[in-house]
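First the structure, in the form of structure tokens, and then the observations on it.
Numbers for residues simply follow the sequence, beginning at 1. Basis for what follows: all heavy atoms, side chains included, without hydrogens, waters or symmetry-related copies. What you see is a predicted model; the values in this text were computed from it and never measured.
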Amino acid sequence: MKIVFSAKGKDWDAPTDPSFGRAQGFLLFDEEKNELSWHSNEQNVMASQGAGIQAAQNVANLGAEVLVTRYAGPKAYRTLKKSSIQIYSISEEMSVRDAYEKFKAGELVEQEPEAAL
């Protein structure tokens, strides 16, 4: 499974980024390969519009099956769902490692469509 986290840094100890569309970047964990990789979201950090959609397309292009973030807005949500990506919400900033452990333990809630409207 490929899991993407909105993040403020490039390793497991980096804090999660509360933003999705304007997150500093994304950490992709490929469980099959046991590899963690950083993907900058710099082009969207200062975007005047469309940041969520572009970020969602970038996450889809990474082959992600799951996104762990604070919140995906309505347009980003629809774009992610069109790519069959499950979206799980974290309620507070934590390390990427802690977010991954909570996801694996089933402690995160999948974002519902109405939450993105």
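In this structure, the side chain of Ser40 engages the main chain of Glu42 through a donor-acceptor pair within 3.5 Å. Proximity of a side-chain donor or acceptor of Asn41 to a complementary backbone N or O of Phe26 within less than 3.5 Å is not detected. In terms of modelled atom types and a separation under 3.5 Å, the side chain of Ser6 and the main chain of Asp17 share a donor-acceptor contact.
Between Lys81 and Glu112 there is no salt bridge, since no side-chain nitrogen of the basic residue lies less than 4.0 Å from a carboxylate oxygen of the acidic one. Contact check on Glu93 versus Lys8 returns a salt bridge, with a Lys/Arg side-chain nitrogen under 4.0 Å from an Asp/Glu carboxylate oxygen. A salt bridge links Glu31 with Lys104: at least one charged nitrogen is closer than 4.0 Å to a carboxylate oxygen.
Ile87 and Leu80 get closest at one heavy-atom pair: CD1-CD1, 3.7 Å. When all heavy atoms of Gly52 and Ala76 are compared, the pair lying nearest together is O-CB, 3.5 Å. Pairing each heavy atom of Leu108 with each of Ala99, the nearest pair is CD1-O, 3.8 Å.
For the pair Ile90/Thr69, no side-chain contact is recorded, criterion being any heavy-atom separation below 4.5 Å from C-beta on. In this structure, the side chains of Glu110 and Gln86 come closer than 4.5 Å at one or more pairs of heavy atoms. Within the 4.5 Å cutoff, the side chain of Asp13 has heavy atoms near those of the Arg97 side chain. Side-chain contact between Leu28 and Lys2 is present, with at least one heavy-atom pair separated by less than 4.5 Å.
Taking a 6.0 Å sphere around CD of Glu32, one finds it holds 12 or fewer heavy atoms contributed by other residues, nucleotides or ligands.
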Quiz item: Given the rule in the side-chain contact (heavy atoms from CB on, under 4.5 Å) test, do Tyr100 and Phe5 qualify, once you have shown the distances and angles that lead to the verdict?
Solution: CA-CA 8 Å; Tyr100 176 71; Phe5 302 86; 3.7 Å; yes

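A distance of 6.5 Å separates CD of Gln111 from OH of Tyr77, quoted to the nearest 0.5 Å. With rounding to the nearest 0.5 Å, the separation of CD in Gln24 from NZ in Lys10 is 10.0 Å. Once rounded to the nearest 0.5 Å, the distance linking NZ of Lys102 with OG of Ser91 reads 7.5 Å. Taking OG of Ser83 as the reference point, atom CG of Leu67 lies at 11.5 Å (rounded to 0.5 Å). Of the inter-residue distances, the one linking Arg78 atom CZ with Ile53 atom CD1 reads 8.0 Å to the nearest 0.5 angstrom.
Following chains of ILVMFWY side-chain contacts shorter than 4.5 Å, one can reach Phe29 starting from Met94, so the two form part of one hydrophobic cluster. Linking Ile, Leu, Val, Met, Phe, Trp and Tyr whenever their side-chain heavy atoms come within less than 4.5 Å puts Leu27 and Ile3 in one cluster. Leu62 and Val68 end up in different hydrophobic clusters when Ile, Leu, Val, Met, Phe, Trp and Tyr side chains are linked at under 4.5 Å. Trp12 and Val66 fall within a single hydrophobic cluster, where Ile, Leu, Val, Met, Phe, Trp and Tyr are joined by side-chain heavy atoms under 4.5 Å apart, directly or via other members. Two different hydrophobic clusters hold Val4 and Leu36 under the rule that ILVMFWY side chains link at heavy-atom gaps under 4.5 Å.
Tyr88 and Phe103 have perpendicular rings, their planes meeting at more than 60° on a 0 to 90° scale where under 30° would count as parallel.
For the residue pair Asn61/Gln57, the side-chain donor-acceptor check at 3.5 Å is not satisfied.
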